[in-house]
Amino acid sequence: MARSAAIPATLPPPYTSTGTRTFSLRTNIKTFTSTTELFIGPKPTRFLLHTSLLTSHSPYFRAALTGPFLESTSQSIKLPDISVEVFELCVGWLYTGDIHPIPFKYGKPAYYTLLNLYIVADRLCFEGLRNRIVDIMADLADSTNSVLTPSDTRILYEQISENAPIRKLVLDLFAFKKTDKLLQTHSDKWHAGFLRDLCVLLKRPCTQALDRHDLQMWIPEQWHATRACDICRAILQPRYGAVGCEGCYNAWCVRCVKEGFAMAGWEDGRGTREGEGLGKGLGQRKWESCKPWRGSRCKVYHEHKETDGCAEVMMGL
Ligand SMILES: [Zn+2]
Ligand SMILES: [Zn+2]
Ligand SMILES: [Zn+2]
């Protein structure tokens, strides 16, 4: 079967979702006609893609396909060590701006597919795709209440670069979701470097632990309504300015918020008691956690060197 037949013959409208630079396809008639031939996998599968899509999304392809000495109308690139299945997801993203289908296996999220796609996105310099993978992984972890498996952590630590933001996301998923039992009882071995980094994250203050909250000024009116700063444990005095979160009813002193660091914590709200809230009536509400991959996703996990920054909205809410 010719895989390239799956690629649409006509271009869909330019991708305008957040995180990817929009570009005009009308400015240059060559945009419609210039294509690049790619041979993917050990048994080469041919893909014929619009050159402008490749060059607008990737400095790698810009360097490879636009240069004074290169023939601009017919190009061919061989990438024998990239899997066709993973590359198809890349192509889907190039043409639609999204990843289809979201990878599942036996009803569970196939995080390893997303990791393998991230490896390819890194290698081919698709920054927008890397950000999209981060978004999908974060949403998937919440919607299915799952995290990566031990073998996924080995892919993450053995094949993905140390500074990749996706490492930070995975560590935060483990640090802020309730994963203690899973870590303790899983029969397979977690990657040692992953366990070390997770341990450090849980012990050391980080900015995303505070950034994830919806911070608002909060003034306890009376002693019975007050509580301790979640970081330094100082009592927040009535009628003095403090900071609270509408989402989880934690509170902080102004000084700790200014310093901007807090410890990673678990989303089950351990240590909080029924009826304990920021104010009258609020304590009745069920504990809701604030998650860094909601409150500070763009700031912490996205890269925007190539692509435009996302509007700082609470994504996915
Ligand atoms: Zn909160
Ligand atoms: Zn404090
Ligand atoms: Zn962003």
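When a ligand or atom number is given, it counts from 1 through the structure's own listing order.
- The salt bridge (Lys or Arg N to Asp or Glu O under 4.0 Å) with Arg294 is formed by just one residue from the set Asp139, Asp214, Asp211; it is Asp139.
- For the Zn ion (ligand 2), protein N, O or S atoms closer than 2.8 Å were enumerated as Cys229 SG, Cys232 SG, Cys253 SG, Cys256 SG, with waters left out.
- By the salt bridge (charged side-chain N to carboxylate O under 4.0 Å, His left out) test, Asp152 pairs with no residue at all, sequence neighbours left out.
- Applying the salt bridge (charged side-chain N to carboxylate O under 4.0 Å, His left out) criterion to Glu37, with sequence neighbours excluded, gives Arg46.
- Summary: ND1 is the N/O/S atom of His213 found nearest to the Zn ion (ligand 1).
- Partners of Asp172 under the salt bridge (charged side-chain N to carboxylate O under 4.0 Å, His left out) rule, at least two apart in sequence or in another chain, do not exist in this structure.
- At distances below 3.5 Å, not a single donor-acceptor pair connects side-chain atoms of Gln208 with backbone N or O atoms of Pro292.
- The aromatic rings of His213 and Trp252 lie tilted to each other, with the angle between the two planes from 30° to 60°.
- Geometry about the Zn ion (ligand 3) gives an angle of 100° between SG of Cys298 and NE2 of His304, rounded in steps of 10 degrees.
- Here the angle centred on the Zn ion (ligand 1), running from SG of Cys245 over to SG of Cys290, is 100°, rounded to 10°.
- A side-chain donor-acceptor contact under 3.5 Å links Thr153 to the backbone of His191.
- Residue His302 approaches the Zn ion (ligand 3) most closely through its N/O/S atom ND1.
- A donor-acceptor distance shorter than 3.5 angstrom exists from the side chain of Ser56 to the backbone of Leu53, with no hydrogens or angles considered.
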